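Reading through the structure tokens given below for one structure.
As the structure is a computational prediction, the values presented were derived from the model and not from experiment. The analysis underlying the following values was restricted to heavy atoms, covering all of them including side chains, and did not include hydrogens, waters or symmetry mates.
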Amino acid sequence: SRRSMSSQLSIFSRELRPRRLTKKRPPSVTSQSSAIVTERLQELVRLFKDRTEKVKEKLIDPESSSEDESPSPKPQEGKIAPKEEEHYCQMMCCKFKTMPWMRRLKKWSFPDSIDPFTNLIYVLWLFLVTLAWNWNVWLIPVRCTYPYQTPDNIYIWLVVDYLCDFIYIIDMFLFQTRLQFVRSGDIITDKKEMRDNYLKSFKFKMDMLSLIPLDFLYFKVGVNSLLRLPRLLKYMSFFEFNDRLEAILSKAYIYRVIRTTTYLLYSLHCNSCLYYWASDYEGIGSTRWTYTGLGNSYIRCYYFAVKTLITIGGLPHPVTLFEITFQLLNYFSGVFAFSIMIGQMRDVVGAATAGKTYYRAYMDGTIKYMNNYKISKDVQNRIKTWYEYTWKSQGMLDEQELLVQLPDKMRLDIAVDVSYSIVSKVPLFQGCDLQMIYDMLKKLRSVVYLPGDYVCKKGEIGRAMYIIKDGEVQVLGGPDGKTVLVTLRAGSVFGEISLLSVGGGNRRTADVVAHGFANLFILDKKDLNDILIHYPESQKLLRKKAKSVYNIVLCFGGIISTKSVIFKSDLIFVSVFTVFLLPSIFTNLPAPDAVIHKVLAPGCTLKNIGSLMALYMFFYWVVWLLIEPLLDQKIFHFGRVFAHVTGSICFEKLPKM
């Protein structure tokens, strides 16, 4: 026992020794790095495993696992949303409730990076910088020529000047250093790289030159606005604001017209300042050419500048050599500047009306073609109506001409915004692969039909499927082929039976006419087949749905026409009932029961048949005469089918009656 105890103690002591040693020994750098690598690898394996499970679920059930179509959680009824917590601030002895915008303002922080193309706050800031730049552009010539800057109001001018300088400084160090930029296709958002990109740019050099502190010379030469001329070098912010504003405006040509007009007004403004300076140099009122000094100096000189630049004439003749030289240069610059402004205005207006000119050229060419071939006036009027309505509703004649210039991804984005809300509600495409629907959206064409136009006719070859985008179409049938069987509205689909070639053919099964103006999406058969090749499961589902629709049309659509089986059976039944069977019910004529028993059913007599047909005809004529005007055509024809089916079932049950 002692030996066993000693052996156990020795073993226990051996186990304790390495543990004590490991606790005292510090871990090596290699072991730490290997542990970190192991943890990273385990985390990557776990992420790959989760991703594999998600992909597996999506392949098994694409609808339930689709992130794009996952329904948003709806609030449960009966549960009231908790009220927003109210905040109060206490000041001295009073307690005030803080406003929501104050709380948002406290939580707001300046962004680390700014997207110069989509950030509206940056556009508003550029507008403020542009105002500061325009202050210098417009008022520096006025202050250095006209006597509007006086010792009495000099402080007001200086306050506004340095406020504009402060805006320049904020723009340089707070906004421009945070602008995102693209390098090798990547959007750079790193603070250091954005700052370095601005510091190396030409814009930074111009911004620095615009803030040269020549204002210190005020202490030596006095407050002279000409020393602020470097502030005009921040012109790049002005042109950047123009580009950003035009990008977000829906009618940018209006702003271009206003901007071009402003250029013309500014050239007149500068010319009026020069004229007052020349008059002051020669002496106010010294000659008949100079400014007389009467009235408002700016308005009188501006009037002279307008007459000079537009070359209206009627100006006083210059007297001295200086006046003659000044007026010659004024005339030359006026003609040059005015011709440039007229050319720019023509380009702006031409660009604004380019679409209308394109539409008018197509319209004139079509009218000339129709007149050359002596097309009837009715057809010409319908074609003109189509042009006018298509242009007013879409703003263009063919949307594909615009979309073909865009990349495939952008075409898909536009197609999803325009068509997905309509196509997703179509029962035929519900359950199909989402990517298949996206591919189909890019193939849709928008076509406008006039009132009374046949979209498709019964019996013709089906080469396209139609989805109603706007308006209504009517399905025609009946004895005369003009009875409205059903009216289809926005979101409805027709033509899918012929397009998917179910039922053994691809011919149209009914006439479809536009009721009013109808805008339809058209999907060609070739385009659909090219898409369905890559989606076999969706192809099976579409064919299955189209076949079920085809069977319904056979039962309830084709039966309704004048050449249908039911209409013929109506005539045959009425004839047989009236001529042969009706007298046998009310008379004692011998009935050929043996023949009826042999032909129809055992135990069936002529009186049974007559009674049943009498009830059947009563039901039939009540439905036809009383209920037909109150019901839709589709419901009435369904009642006729139901009556015939009921009659056939009763005939099978005759022996038991």
Rounded to the nearest 0.5 Å, what separates atom [atom1] in [X] from atom [atom2] in [Y]?
{"X": "Phe175", "Y": "Ile121", "atom1": "CZ", "atom2": "CD1", "answer": "8.0 Å"}
{"X": "Asn136", "Y": "Asp165", "atom1": "CG", "atom2": "CG", "answer": "7.0 Å"}
{"X": "Ile212", "Y": "Arg228", "atom1": "CD1", "atom2": "CZ", "answer": "12.5 Å"}
{"X": "Phe117", "Y": "Tyr122", "atom1": "CZ", "atom2": "OH", "answer": "9.5 Å"}

If I compare all heavy atoms of [X] with all of [Y], which pair ends up nearest, and what's the gap?
{"X": "Arg183", "Y": "Ile188", "result": "NH2-CD1, 3.8 Å"}
{"X": "Tyr331", "Y": "Leu315", "result": "OH-CD1, 3.5 Å"}
{"X": "Phe181", "Y": "Glu193", "result": "CE2-O, 3.6 Å"}
{"X": "Arg300", "Y": "Gly295", "result": "NH2-CA, 4.1 Å"}
{"X": "Glu388", "Y": "Tyr359", "result": "CG-OH, 3.4 Å"}
{"X": "Asn271", "Y": "Ala305", "result": "OD1-CB, 3.2 Å"}

How about [X] and [Y]: do any of their side-chain heavy atoms sit closer than 4.5 Å?
{"X": "Ile284", "Y": "Thr290", "result": "no"}
{"X": "Glu246", "Y": "Tyr255", "result": "yes"}
{"X": "Leu520", "Y": "Ile467", "result": "no"}
{"X": "Trp157", "Y": "Leu139", "result": "yes"}
{"X": "Thr177", "Y": "Lys191", "result": "no"}
{"X": "His515", "Y": "Val473", "result": "no"}
{"X": "Leu209", "Y": "Pro230", "result": "no"}
{"X": "Cys301", "Y": "Tyr146", "result": "yes"}

Counting the benzene-type ring for Trp, do [X] and [Y] have ring centres under 6.0 Å apart?
{"X": "Tyr275", "Y": "Trp289", "answer": "yes"}
{"X": "Trp391", "Y": "Trp386", "answer": "no"}
{"X": "Tyr162", "Y": "Phe166", "answer": "no"}
{"X": "His269", "Y": "Tyr263", "answer": "no"}
{"X": "Phe241", "Y": "Phe127", "answer": "yes"}

Is a side-chain donor-acceptor pair under 3.5 Å present for [Y] with [X]?
{"X": "Thr189", "Y": "Gln180", "value": "no"}
{"X": "Asp171", "Y": "Gln176", "value": "yes"}
{"X": "Ser446", "Y": "Asn519", "value": "yes"}
{"X": "Ser210", "Y": "Asp207", "value": "no"}
{"X": "Ser225", "Y": "Gln149", "value": "no"}

task = Please step through side chain to side chain donor-acceptor pair (under 3.5 Å) for the pair Glu282 and Thr287, ending with a clear verdict.
result = CA-CA 8 Å; Glu282 286 286 304; Thr287 63; 5.5 Å; no
Looking at [X] and [Y], does any basic side-chain N land under 4.0 Å from a carboxylate oxygen?
{"X": "Lys192", "Y": "Asp196", "answer": "yes"}
{"X": "Asp413", "Y": "Lys409", "answer": "yes"}
{"X": "Arg288", "Y": "Glu323", "answer": "no"}

request  = Start with the C-alpha gap between Asn153 and Thr150, add the side-chain angles, then the distance that decides, and say whether side chain to side chain contact (heavy atoms under 4.5 Å, CB included) holds.
outcome  = CA-CA 6 Å; Asn153 59 14; Thr150 62; 3.1 Å; yes
Under the 3.5 angstrom rule, does the side chain of [X] hit a backbone N or O of [Y] as a donor-acceptor pair?
{"X": "Asn134", "Y": "Val137", "result": "no"}
{"X": "Arg195", "Y": "Arg178", "result": "no"}
{"X": "Asp417", "Y": "Ile414", "result": "no"}
{"X": "Tyr291", "Y": "Leu294", "result": "yes"}
{"X": "Asn224", "Y": "Leu226", "result": "yes"}
{"X": "Ser333", "Y": "Asn330", "result": "yes"}
{"X": "Glu240", "Y": "Met236", "result": "no"}
{"X": "Arg231", "Y": "Trp135", "result": "no"}
{"X": "Asn296", "Y": "Ile299", "result": "yes"}
{"X": "Gln380", "Y": "Ile375", "result": "yes"}

Working for ring-ring contact (aromatic ring centres under 6.0 Å, His included), residues Tyr281 and Phe322 = CA-CA 10 Å; Tyr281 178 80; Phe322 174 80; 4.9 Å; yes
task = Decide side chain to side chain contact (heavy atoms under 4.5 Å, CB included) for Tyr438 and Gln435; before the verdict, give the C-alpha distance in whole Å, the side-chain angles of both, and the deciding distance to 0.1 Å.
result = CA-CA 5 Å; Tyr438 286 164; Gln435 189 59 42; 3.9 Å; yes
Heavy-atom neighbours of [X] [atom1] exceed 12 at 6.0 Å:
{"X": "Ile187", "atom1": "CD1", "answer": "no"}
{"X": "Phe517", "atom1": "CZ", "answer": "yes"}
{"X": "Tyr369", "atom1": "OH", "answer": "no"}
{"X": "Tyr155", "atom1": "OH", "answer": "no"}

message = Leu120 vs Leu124, test: side chain to side chain contact (heavy atoms under 4.5 Å, CB included). Steps then yes/no.
response = CA-CA 6 Å; Leu120 293 180; Leu124 292 176; 5.5 Å; no
message = Whether Arg143 engages the ring of Tyr148 as a cation-pi pair (distance to the six-membered ring centre under 6.0 angstrom, angle to the ring normal within 45°) should be assessed.
response =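 No cation-pi geometry.
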Row check, Tyr168 ring normal vs Lys234 NZ/CZ: under 6.0 Å, within 45° =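 Here Lys234 passes the 6.0 Å and 45° test against Tyr168.
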Side-chain polar contacts of residues 335-349 - donor-acceptor pairs under 3.5 angstrom, sequence neighbours left out - could you list them?
| residue | atom | partner | partner atom | Å |
| --- | --- | --- | --- | --- |
| Ser339 | OG | Val335 | O | 3.0 |
| Ser339 | OG | Phe336 | O | 2.7 |

ask   = So Trp138 and Tyr266, side chain to side chain contact (heavy atoms under 4.5 Å, CB included) or not? Walk me through it.
value = CA-CA 8 Å; Trp138 285 80; Tyr266 181 73; 3.7 Å; yes
ask   = Can you tell which of Leu441, Leu523, Val416 makes a side-chain contact (heavy atoms from CB on, under 4.5 Å) with Val423?
value =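 So, applying the side-chain contact (heavy atoms from CB on, under 4.5 Å) to Val423 and each of Leu441, Leu523, Val416, only Leu441 qualifies.
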request  = Just do the ring-ring contact (aromatic ring centres under 6.0 Å, His included) check on Tyr235 and Trp133 with the steps written out, would you?
outcome  = CA-CA 7 Å; Tyr235 64 91; Trp133 182 76; 7.7 Å; no
